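Nothing fancy with the numbering, it's 1 onward along the sequence. Remember, it's a predicted structure, so these values are computed and weren't measured experimentally. Both counts, for ligands and for their atoms, begin at 1 and track the order of listing.
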Amino acid sequence: MSAPKVFYATTPVYYVNDAPHIGHAYTTTAGDVLTRWHRQRGEKVWFLTGTDEHGSKVERTAIANGVTPAEWCADLVENAWLPVLKTIDAANDDFIRTTSGRHRQGVQRFWTKLKENGFVEAATYEGPYCVDCEEFKLPGDVLTADDGTLLCPIHDRPVEMLKEDNWFFRLSAFQDALLDHYERHPHAVQPQSAYNEVVSFIKGGLSDISMSRSSVSWGVPLPWDSEQVVYVWFDALLNYITAIGYGANTNTPESERFAATWPADVQLVGKDILRFHAVFWPAMLMAAELELPRLVFAHGWLLVGGEKMSKTKLTGIAPSQIIDTFGSDAFRYYFLRAINFGADGSFSWEDMHARYTSELANGLGNLASRATAMVVRYCDAVLPEPGPYANADRALQDAMIAAAEGADAAMVRLDFSAGIAAVRSFVEAVNLYVTEQEPWQLAKDPSQRQRLDTVLYTVCEALRAIAVLYNPVMPKSMSALWGRLGAVPHLGEIGDQDVRHAGQWGQLPPGAVLSRGDALFPRIEAEKSEPAESVPTPTNSGSGGN
Ligand code: MSP
């Protein structure tokens with residue numbers, strides 16, 4: 001029997017024309033929470049992220065900064081893009097750079113195959129191009145300013161008029177096959193609005209499209225025409241397969257990885273790059289006789305002043321600006337909890353501070369410290385044996401089953417805010433239970449000893465489930481909580497706990513030794529939470545960015 005397929009999730013590869021902002025970190029955080037969740041379902045997982053390093057935008061930025069594109073990319077990857085993964089606590093399995101040898105080899109083999117299959121031919125491109133999007137624009141894609149200048153609607157900047165003898169990908173040949181695919185797989189693009197947009201774009205008619213550039217030199221050379229490089233998007237999209245071994249020699253570990261991993265289960269993209277991922281990319285895969293991704297999910301934008309946060313418009317906030325104050329767990333929690341995945345959302349310090357304080361510091365953090373403190377104080381730190389359960393205890397046990405089931409169902413459909421809400425309501429229920437049961441009163445009355453033990457056991461066992469279910473979202477603090485519950489010697493590492501079994505009562509054994517610790521979510525004064533001024537990103541952007 002062959003091994004079960006690896007759950008494979010990807011983020012886009014990010015342009016290295018500048019340093020990351022929270023819009024980029026948002027995509028990676030979502031992918032990280034999703035893949036940690038699947039790992040905790042006991043699945044084999046592969047989570048890929050990386051950088052998109054070729055093309056005019058990066059080339060021009062490097063030149064504007066007086067360095068070669070290769071030097072520019074190496075510096076930014078090393079000093080900005082890799083560090084941000086640590087900052088947000090991402091546990092990616094791989095990081096692909098599109099300038100790497102494995103990628104270049106895969107790209108060349110892929111396009112050679114498409115040419116052999118008859119899907120690449122010579123033609124002339126004449127029309128608008130947005131360097132910030134790195135996109136050949138269709139007539140309906142551009143705006144006309146009052147003075148007649150054609151503008152990119154995403155970047156508000158003039159497009160460039162190109163006339164190039166290029167190689168074209170015969171995208172038009174896949175119109176019917178794509179429509180047929182999406183009819184048969186109505187959930188392959190989500191949310192529904194993104195699916196509708198993709199289908200109507202395809203129905204509007206697909207034209208062949210340049211797959212190479214003759215006026216750009218920073219890219220992967222075409223194997224059959226060394227004067228041209230692969231158009232940056234048709235190089236970058238291939239990272240999803242080159243990173244897992246496409247183009248590697250047969251019977252190597254790399255080629256085996258490809259067989260076990262492709263197709264992708266989830267490809268996360270921002271809604272601005274949906275067309276590339278849900279029209280061009282599947283057509284390319286069809287042309288290469290490869291399977292299509294099972295799901296492309298287009299999330300919304302983080303907005304500033306109602307507009308997409310972007311480097312071009314100097315509205316980018318670096319993740320560290322938030323994480324230095326609130327920590328990576330709260331960052332991960334906040335963005336996935338406060339914004340419905342798929343919709344746009346605004347970030348504000350006030351909202352972040354308010355939710356942090358009420359839900360994390362006062363809600364979960366306070367519950368955890370009260371519970372562990374009481375076990376330490378009333379039971380010499382040893383988790384007591386519960387006595388007979390009363391109705392209130394059983395109601396909490398039922399709520400725990402519902403929380404675990406609800407969270408799992410929501411997380412696997414990428415409804416992160418509903419997944420978090422399922423656990424959050426349970427935290428509230430446990431807090432209410434503590435308030436109503438008043439264990440501090442029970443402790444005063446020796447005849448209530450057994451009841452006190454039952455209540456304390458119930459609260460700690462509930463915290464055990466909360467820690468397991470919140471671990472994919474807040475791995476640092478939940479692993480600290482796991483330690484304080486004394487769970488490791490009995491149950492093993494928190495990352496190995498199956499989220500689907502989290503609702504099963506009675507896993508934390510009486511006798512476990514608990515401990516108190518620092519606050520999981522220390523209180524932050526409102527005035528301290530907002531930086532005095534907007535912190536500039538570490539590098540200079542030449543030709544703008546995203
Ligand atoms: N390099 C291309 C992707 C190639 S994938 C084969 C690219 N890079 S990007 O750096 O501009 O953007 C990468 C991702 O970050 C996209 O998913 C984009 O939507 C996301 N975001 C950039 N700004 C964003 C916001 N303000 N809000 C949310 N996500 C945003 O496009």
Worksheet entry | Trp233 to ligand 1, any heavy atom closer than 4.0 Å | yes
Worksheet item: Between the side chains of Glu59 and Ser217, is a donor N or O closer than 3.5 angstrom to an acceptor N or O?
Response: yes
Practice prompt. Please check if any side-chain donor atom of Tyr129 sits under 3.5 Å from a side-chain acceptor atom of Glu134, or the reverse.
Written response: yes
Item to complete: Answer yes if the side chains of Glu307 and Trp301 hold a donor-acceptor pair under 3.5 Å, and no otherwise.
Response: no
Worksheet entry | For His299, the ligand 1 atoms whose distance to one of its heavy atoms is below 4.0 Å | 28 (C), 29 (N)
Worksheet item: Can you check whether Trp301 has an N/O within less than 3.5 Å of an N/O in ligand 1?
Response: no
Practice prompt. Taking atom types as modelled, find out whether Glu289 and Asn117 have a side-chain donor-acceptor pair closer than 3.5 angstrom.
Written response: yes
Worksheet item: Is ligand 1 less than 4.0 angstrom away from at least one heavy atom of Glu134?
Response: no
Discussion item. Considering both backbone and side-chain atoms of Ala236, is one of its nitrogen or oxygen atoms within less than 3.5 Å of a nitrogen or oxygen in ligand 1?
Written reply: no
Discussion item. If we set the cut-off at 4.0 Å for heavy atoms, which region of Leu302 has an atom near ligand 1: side chain, backbone, both, or neither?
Written reply: both
Worksheet item: Is the ring centre of Phe174 less than 6.0 Å from the ring centre of Phe119?
Response: yes
Worksheet item: Taking heavy atoms and a distance under 4.0 Å, where does Phe276 meet ligand 1: side chain, backbone, both or neither?
Response: neither
Worksheet entry | Within-shell test, Gly300 vs ligand 1, heavy atom, strictly < 4.0 Å | yes
Worksheet item: Out of Gly270, Gly23, Ala30, Pro20, whose heavy atom is nearest to atom 17 (O) of ligand 1?
Response: Gly270
Response to the item:
The option among Phe347, Phe335, Tyr14, Trp281 carrying the non-hydrogen atom nearest to atom 14 (C) of ligand 1 is Tyr14
Fill in: Atoms of ligand 1, numbered as shown, that sit under 4.0 Å from any heavy atom of Asp272
18 (C), 19 (O)
Fill in: Side chain, backbone, both or neither: His21 near ligand 1, heavy atoms under 4.0 Å
side chain
Fill in: Distance-only donor-acceptor check, side chains His103 and Asp235, under 3.5 Å
yes
Worksheet item: N/O to N/O below 3.5 Å, does that happen between Met309 and ligand 1?
Response: yes
Discussion item. Trp81 versus ligand 1: do any nitrogen or oxygen atoms come within less than 3.5 Å of each other?
Written reply: no
Practice prompt. Answer yes or no: is there a donor N or O on one side and an acceptor on the other, between the side chain of Trp167 and the main chain of Val230, under 3.5 Å?
Written response: no
Worksheet item: For ligand 1, which atoms have a heavy atom of His277 less than 4.0 angstrom away?
Response: 5 (S), 6 (C)
Discussion item. Under a 3.5 Å threshold, yes or no: a donor from one side chain and an acceptor from the other, between Tyr240 and His277?
Written reply: yes
Worksheet item: Between Arg257 and Trp262, is NZ or CZ placed under 6.0 angstrom from the six-membered ring centre and within 45° of the ring axis?
Response: no
